[in-house]
Amino acid sequence: MARAAESVEHEIERLRRAIEHHNHRYHVLDDPEITDAEYDELFRRLEALERDHPALVTPDSPTQRVGAAPASGFATVTHRQQMLSLQNATSREEVEEFDARIRKFLARDAIAYTGEPKMDGVAVELVYEQGVLTVGSTRGDGVTGENVTANIRTIKSVPLRLRTGGRAAPRLLEVRGEVYLPLDAFRALNREREEAGLPRFANPRNATAGSLKQLDSRITANRPLDLVCHGVGEVEGASFATQAELLAALAAWGLKPVPQSRVLASVDEVAAYHDDLAARREALPFEIDGVVVKVDDRTLQRRLGQVSRSPRWAVAWKFKPRQATTRVLDIFPSVGRTGVLTPAAEMEPVAVGGVTVRNASLHNMDEVERKDVRIGDHVVIERAGDVIPYVVEVLTERRTGEERRFHMPQHCPVCGAKVVRAEGEVAYRCTGADCPAQLKQRLQFFAHRGAMDIQGLGEKLVEQLVDTGLVKHLPDLYRLDLATLVELERMGEKSATNLLAQIEHSKQTTLPRFLTALGIRQVGDATAKALAEHFRTLDAVVAAPVEALQEVRDVGPEVAASIRQFFDEPRNARLVKQLVAAGVKPAPVERAHGRLAGKKFVLTGGLASMTRPEAQRRIEALGGRVVGSVSKETDYVVVGTDAGSKLKRAEKLGVARLDEDAFLALLGDA
DNA sequence: TAGCCTCGAGTTCA
DNA sequence: CTCGAGGCTA
């Protein structure tokens with residue numbers, strides 16, 4: 001028993017030291033070593049131990065205060081009322097417990113809540129005296145923060161004087177809010193920094209903290225920070241019955257209230273609100289890491305009061321973290337279709353945003369060197385914006401000295417050919433003309449939907465065909481027969497027959513598909529289509545001199561040279577000849593005409609009545625074009641379910657939007 | 001010559 | 001989906 005108590009004491013002390021350390025890194029140095037999720041984990045563990053062992057709680061425990069001492073350089077501001085932090089919840093069960101606690105405390109059956117997105121930024125307080133902004137400060141440790149008035153004043157959405165519509169302003173108004181950097185501004189800032197040779201910010205919150213702590217407010221003024229408000233501290237000369245009323249009053253005074261807030265009548269509605277925001281998270285123009293649930297009635301809020309460091313009437317329901325830290329086990333190059341060696345990191349499996357991640361591409365050597373990722377490093381990984389994980393930053397302070405740098409091999413790991421880096425290019429390329437890795441990728445690209453469209457020829461089969469030597473060059477595909485195919489693993493007579501039919505079918509292709517399938521550098525499906533429309537026949541494309549190629553829309557000197565170089569290479573000329581000899585017949589396509597001739601479409605989200613490639617075909621059949629990104633040149637954005645950032649951009653640029661019904665009507669479907 | 005627009009290329013997990 | 005870069009246009 002005594003020994004158990006000792007070990008608990010030991011663990012509490014260890015946790016406190018760790019939390020104090022990370023507090024300092026985060027709040028004072030703006031340079032955290034661990035993710036928020038890991039920090040929260042430590043904090044929760046300490047809270048749990050202290051709850052179970054109240055005798056061990058001391059006033060200097062990190063649980064007994066909010067943050068750490070402010071960095072030097074700014075004057076200190078004492079908040080009239082302590083700026084509290086929120087209790088966290090990570091599941092519906094915990095929110096139900098929160099609701100049950102409150103109902104029990106107040107002896108009520110039902111409580112109305114307000115839901116707000118939990119903005120991932122920097123918490124601040126603005127003080128308005130007689131309606132004039134006098135002080136802006138960071139939260140700091142909750143009791144005292146830093147005076148960042150000059151920087152706050154640069155934020156466009158912060159009124160320097162409240163709008164009162166002729167009536168008297170409140171004598172005193174302390175507003176609590178969150179400063180953040182909108183995502184597009186964050187990306188633009190990182191691009192600029194990269195060009196200037198400065199390190200990138202790991203995430204918008206770090207960028208916000210860095211911007212807000214500039215001693216020179218002219219720098220801050222160049223960062224398009226924004227501030228939204230979600231609460232008040234001390235107020236004289238005004239009062240609000242509910243949180244919703246408070247937000248409305250702030251808005252009336254010209255402040256920006258937290259967007260997308262809602263009054264919620266039950267835990268069910270709270271859960272629906274949470275799920276809705278979680279689903280729309282990626283499409284929002286700012287980062288959020290959860291929702292904040294507050295008791296709406298301010299009188300009830302006062303009755304509930306607070307427990308040590310947080311109000312009893314609010315809880316932050318956090319989303320599953322999209323960031324996580326893990327360790328790089330190995331870095332190895334993979335060989336792509338064009339021979340490019342792409343370094344990839346193999347990591348200890350870790351859960352991020354609901355899936356287990358093991359691999360992440362490191363894109364190229366410049367990236368590896370810029371981030372200085374080494375084998376054995378602890379890294380922060382993220383699945384932001386899209387699904388694909390990437391390494392955000394290396395936690396250099398966790399290095400032990402055992403880490404190994406990755407060097408690009410001088411010879412291809414698959415075929416042993418020399419690896420070269422062309423002048424002015426970031427990519428390293430395998431020069432092996434018969435590299436099996438390249439052949440596999442090229443074969444798969446050849447069979448791809450947008451190219452020859454050979455269904456059933458997937459990764460596994462390609463692997464077998466190349467490894468068994470059945471396919472040494474692309475034209476070998478057209479010499480396969482039933483007897484050899486059925487020898488392969490997992491290949492019966494039925495699937496072999498189907499595959500042969502698909503291969504046979506692919507011979508009746510179109511010129512643009514065929515040109516795409518060849519895999520000419522810088523020629524994708526759009527350029528292939530333009531070439532086909534311009535030259536009409538394969539022979540004409542193959543024979544075209546550079547000057548003629550440049551007459552094609554979107555083909556300049558670079559692309560023209562690349563095309564010419566491809567066909568001038570004897571092995572490529574032979575490849576084209578052999579494919580044609582094998583029976584491949586690329587048919588010319590009609591020039592674009594039709595009802596939608598010259599119209600540009602962008603597709604976003606999913607459609608119920610057809611797939612995206614199908615929608616593209618339908619549009620093109622009527623002479624329209626489908627492009628990947630929205631610009632003011634775009635004629636229509638087709639908005640499906642779960643539309644992404646393209647819809648936002650369309651709204652901003654005032655581009656016409658079509659829902660599925662309107663789109664079908666345009667296509668001429670009933 | 002700069003800035004916009006579009007295209008190409010690479011890519012993870014279930 | 002996003003980034004980098006080629007090509008086009010004001």
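All values below were derived from every heavy atom in this structure, side-chain atoms included, with hydrogens, water molecules and symmetry-related copies excluded. Throughout, a chain's letter reflects where its sequence line sits, starting with A, and its residues are numbered from 1.
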K.L.:
Could you check if a side-chain atom of A:M365 sits within less than 4.5 angstrom of a side-chain atom of A:F406, using non-hydrogen atoms only?
P.N.:
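A side-chain contact under 4.5 Å exists here.
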
K.L.:
I'd like a list of close polar pairs between nucleotides 8-10 of chain C and the protein, N/O only, cut-off under 3.5 Å.
P.N.:
unit_1	atom_1	unit_2	atom_2	d
C:dC8	OP1	A:D554	N	3.3

K.L.:
Side chain to side chain contact (heavy atoms under 4.5 Å, CB included) with A:F286: which of A:P204, A:P259, A:P182?
P.N.:
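By the side chain to side chain contact (heavy atoms under 4.5 Å, CB included) criterion, A:F286 pairs with just one of A:P204, A:P259, A:P182: A:P259.
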
K.L.:
For B:dA9, does OP1 or OP2 lie under 4.0 Å from any side-chain N or O of A:R337?
P.N.:
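Result: yes.
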
K.L.:
Before giving the answer on side-chain contact (heavy atoms from CB on, under 4.5 Å), spell out for A:L277 and A:L284 the whole-Å C-alpha distance, their side-chain angles and the decisive distance to 0.1 Å.
P.N.:
CA-CA 9 Å; A:L277 270 181; A:L284 296 174; 4.2 Å; yes

K.L.:
Using only side-chain N and O atoms of A:N359, determine if any of them is under 4.0 Å from OP1 or OP2 of B:dT11.
P.N.:
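Indeed not, no polar side-chain atom of A:N359 lies that close.
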
K.L.:
Let me know, please, whether A:A560 or A:R191 comes out on the 5' side of the other along DNA chain C by nearest nucleotide.
P.N.:
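Nearest-nucleotide comparison on DNA chain C picks A:R191.
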
K.L.:
Of the nucleotides B:dG8, B:dA14, C:dC3, which has the atom closest to the A:T356 side chain?
P.N.:
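The listed nucleotide nearest to A:T356's side chain is B:dA14.
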
K.L.:
Please determine whether a side-chain nitrogen or oxygen atom of A:T338 lies at a distance below 4.0 Å from atom OP1 or OP2 of B:dG10.
P.N.:
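Yes, because at least one side-chain N or O of A:T338 sits under 4.0 Å from OP1 or OP2 of B:dG10.
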
K.L.:
With the criterion being N/O to N/O and under 3.5 Å, what pairs connect the protein with nucleotides 1-5 of chain B, and how long is each?
P.N.:
unit_1	atom_1	unit_2	atom_2	d
B:dC5	OP1	A:K632	NZ	3.0

K.L.:
Can you tell me if A:T342 touches the phosphate of B:dT11, counting only side-chain N or O atoms and a distance under 4.0 Å to OP1 or OP2?
P.N.:
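The answer is yes; a side-chain N or O of A:T342 sits under 4.0 Å from OP1 or OP2.
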
K.L.:
Among B:dT6, C:dG6, B:dA14, which nucleotide has an atom closest to any side-chain atom of A:V559?
P.N.:
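Nucleotide nearest to A:V559's side chain: C:dG6.
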
K.L.:
Using modelled atom types only, decide if a donor and an acceptor are shared between the side chain of A:D120 and the backbone of A:E287 within a distance under 3.5 Å.
P.N.:
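Not at all, since once roles are kept as given, no pair shorter than 3.5 Å links the two residues.
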
K.L.:
Between the main-chain N or O of A:A324 and the side-chain N or O of A:T35, is there a donor-acceptor pair closer than 3.5 Å?
P.N.:
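Flag not set: sc A:T35 to bb A:A324 has no pair under 3.5 Å.
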
K.L.:
Backbone N or O of A:K418 within a donor-acceptor pair of the A:T431 side chain at under 3.5 Å?
P.N.:
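Indeed, once roles are kept as given, a pair shorter than 3.5 Å links the two residues.
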
